[in-house]
Participant: 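Can you read through this structure? Questions will come right after.
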Amino acid sequence: MSRVAGVIVDVPSRSTDRPFSYAVPADMRAWIEPGSRVGVPFAGRTLQGFVVSLADEPPAEGPAKLKPIAELLDPLPPLLPDLVELARWISEKYCCTWTAALQAMVPSAIKGKAERHLRLADGADEPAAEAAAESAAARSDVGRPEAFWAMPGEAAPELPPSETLPQELVRELRRHGSLKLEAARQRWPEAGGAIKRALAQGVLIEETSIRDRIGVRTQLTVYPPLDREAAKAALEALPGTAKRQKELLLYVLALEGPVTLQAMLADTGASASSAKALADKGYILVEEAEQQRDPYAGREFRRSEPLPLTDAQREVFVRIRDAVERTAPATFLLQGVTGSGKTEIYMQSIQRALELGREAIVLVPEISLTPQMVERFKGRFGDEVAVLHSRLSSGERYDEWRRIRRGGAKVAIGARSAVFAPFARLGLIVIDEEHESSYKQEETPKYHARDVAVQRARQHGAVVVLGSATPSLETYAAAARDGAGGALLRLSERAVASSLPPVTVTDMRDELKSGNRSMFSRALHEALQARLERGEQSVLLLNRRGYSTFVICRSCGYTALCPHCDISLTYHQKTRAMRCHYCGHAELAPSACPSCESEQIRYFGAGTQKVEEELAKLFPGIRVIRMDVDTTTEKNAHEKWLKLFGERKADVLLGTQMVAKGLDFPYVTLVGVIAADTSLNLPDFRAAERTFQLLTQVAGRAGRHHLPGEVIIQTYNPEHYAVIASQRHDYEGFVAEEMKHRRMMGYPPFCRLILVTMSHEQLATLSAASDRFARRLIELAGQRGVLQPLHGSGARALELLGPVASPISRIKDRYRFQCMVKYRGAVPAAELVSEAIRQAEAEAPRSGVLFSVDVDPHMIL
DNA sequence: GTCTTCGTTTCG
DNA sequence: GAAACGAAGACT
């Protein structure tokens, strides 16, 4: 039995991010495991922590006497030992704290916070209370016992009210045993001093315990009487006046199992007091019972059976199935265009894993976790499926997560964080639309679900399947490298017989030359007209990225900037306010230019709204559904709009990226991209890749069923290789060209990147800190012999760019500098960066400079 | 000589 | 990140 536990405490600081040893109380020994969540005393208070290790003897270093773990927070450890290990791997790879990685793995509902309670000292509520109080008070020279208690009838004249504990507080403490300190402080604001002194003198005792933000939901539940005969007898014995009670008793006698109190009262029309009367007499049992919040409760899913596979599908499936059966780690890239039947392969592979007694995780981009998608998996695997996505309430999420943890679900389908689903015997992890940027978390820990999945698969001997029509260059390069294409599986033709639609590229410069100043090219205008006449539907995509809705004065060039950040404010039509993306600062949009007082102030790039207005002008009576941040913020708005569109209640679906993902409507025969190149010109090395992926994906949206489809892409750069390749549905061609650029410019996959951003209110402090960091890193890299230019010949190379001001040089009144670390070969770059930060911080402790590390960054804007 | 405040250390 | 600790200054 382990006597000592290593605990990572919940303090988000690098300096405390190591295991601290605690004694395991004897009564907890059978319960505590690596992954248990506990409350431990730390620096004079109780904190939440995770047990990461167990030992029989205390470590050599550390104090002679260990403090004991104060409480065990969950009967079943929220994490498994392999997840604890995975968290450590994440903290090393992504330069974050172990505690941050652990926190990312559990649902937000169990982020416990210490709650402080007050209770009377032992004996204080006995008749000897006065004596106890007296002796306590006698130890001190302040206050007197009668003043403390201020009992009715006792005099406490010489002290002002603030010196006495309110009677009511004492009474409450006697009745309930304890009270929340915060609640006491609010109810008796003037008693602060008295409480403090009572605590100091031991009359009151403060206890802390960890309480979760959201608990298990319980509901009052009525159980039918165990002894039905006795209950029937009681029915006779009840007085004639107790009509309601008789009705209730008859009702419960007819029950097979428990019902909720709410349901019983609704069914019988009785009141809660009647039920209570019966319960008090012991005829029925009313108890708090745990309830599962099932977000899909009451929904029927059409049962689906495995479909026959095409030859191509079968070939791919066999490869995956064999790997799953070998239970050795393996990664496959499954490249297949939209509609090539990847999902059926996923489902049959999962089926096989389940048959082998193993579990599976399916990751999908948040945006494509549509009801349609859920329906397919629920239809095949029924209740074995747990769904985790951001639109669930945190309570619902928690319940789905606990279902996984307890073994009630064998398949988890969800967004990024579902990669941490607490399964013990993972057999398969599927990542659909592998190239999607939503798999990269933008907050600390800045992990990529794909890389975490591969590591988790290594731990479990599981198989990872990465699916995409347009794999990211990193994944593609890795798959091509691995065993002569062994990891690359292809599905080229569409499973449903329909070919990819023709793609027309229109050059908007030509349009302008011919005098067309509208945002629709003639081709798109005609195509829209034709769809309206034929009663077919169109999807219009506005590539929002790069389209800022900033405010500009046309006569003097003034733009509205955030006073706290180095960024222009964006305009929101709905509220007529200008808002900062980064700090939330908002102000009313001016009607005249604040700088030159001209009325020529305009709101630019209003995006979808502007397109909508123009559509209404060109096609009177056209029915448009607009989907963007303004129209989809409320819960389920997203689904609501899509449902309307699916029912052909609109002619055009207009939106940003989100309309491009995973939608499948039979009457959509036209897809138009308003301005393909807004994302092409971004100063990000992935700009071309993103544009290509988006355009290709959009192209797959039209004509997926029986009606032939058409795609029109409007651009100012028709000769750009990303545009040309997407027009030809030519992934290989795009990759070849893009790889040339990446190699030339020294970007992934030819090297790897770590972006280190530092911030501080004062430029001078920041500048000094960034220099310190850079110096340390160069020193460390030099010692390892890896500091050399990337274009050199060495197998291992690391170079440091910067420090320079970040592209957004100030956010929330903090200046920002960044360093870009580029490296190639087996360089322990993350380790070097962590060490350099540690040394830089040690050199100038408490400088207030914040370091933020992004390993394999996605946006370097 | 005791109380207060600040910066520093350490938390098991 | 925050309590505990110890050193240096403020006041009885």
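A, B, ... follow the sequence lines: proteins, then strands. Residue 1 opens every chain.
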Participant: Any Lys/Arg nitrogen of A:Arg88 or A:Glu85 sitting under 4.0 Å from an Asp/Glu carboxylate oxygen of the other?
Facilitator: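 The answer is yes: the pair qualifies as a salt bridge.
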
Participant: With heavy atoms of chain A within less than 4.0 Å as the criterion, where does contact along DNA chain C begin and end?
Facilitator: C:dG1 to C:dA3

Participant: Would you mind reading off the distance between A:Arg14 atom CZ and B:dT9 atom C1', rounded to a whole angstrom?
Facilitator: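 In whole Å, B:dT9 C1' lies 20 Å from A:Arg14 CZ.
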
Participant: Is the shortest side-chain heavy-atom distance between A:Leu73 and A:Phe50 below 4.5 Å?
Facilitator: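 A side-chain contact is absent here, since even the closest heavy-atom pair is not under 4.5 Å.
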
Participant: Just the rounded figure in Å: distance from P of B:dC11 to CG of A:Leu66.
Facilitator: 12 Å

Participant: Hey, can you tell me if A:His448 and A:His858 have their rings parallel, tilted or perpendicular (30° and 60° cut-offs)?
Facilitator: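 The arrangement is tilted - the two ring planes meet at 30° to 60°.
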
Participant: Expressed in angstrom and rounded to an integer, what is the separation of A:Leu47 atom CG from B:dG12 atom P?
Facilitator: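 Result: 10 Å.
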
Participant: State whether A:Arg846 places a side-chain N or O below 4.0 Å from either non-bridging phosphate oxygen (OP1 or OP2) of B:dG7.
Facilitator: no

Participant: Over how many whole Å does the gap from A:Ile69 atom CD1 to B:dG12 atom P extend?
Facilitator: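 Interatomic distance, CD1 of A:Ile69 to P of B:dG12: 13 Å.
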
Participant: Would you check if A:Gln783 and A:Glu779 make a side-chain contact, meaning some heavy-atom pair closer than 4.5 Å?
Facilitator: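 A:Gln783 reaches A:Glu779 side chain to side chain.
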
Participant: How long is the line joining CG of A:Asp17 and C1' of B:dG12, in whole Å?
Facilitator: 15 Å

Participant: Counting any heavy atom closer than 4.0 Å, what does A:Pro58 reach on the DNA or RNA strands: base, sugar-phosphate only, or nothing?
Facilitator: nothing

Participant: Salt bridge between A:Asp82 and A:Arg456, side-chain N to carboxylate O under 4.0 Å?
Facilitator: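 Between A:Arg456 and A:Asp82 there is a salt bridge, with a charged N closer than 4.0 Å to a carboxylate O.
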
Participant: Give none if B:dC11 has no partner; otherwise give the nucleotide forming a Watson-Crick or G-U wobble pair with it, both distances under 3.5 Å.
Facilitator: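 Pairing partner, where one exists within any strand: C:dG1.
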
Participant: Look at the side chain of A:Arg752 and the backbone N and O of A:Ala829, then say whether any donor-acceptor pair between them is shorter than 3.5 Å.
Facilitator: no

Participant: Kindly confirm whether the side-chain ring of A:Phe42 is stacked on the base of B:dC11, judged by centres under 5.5 Å and planes under 30°.
Facilitator: yes

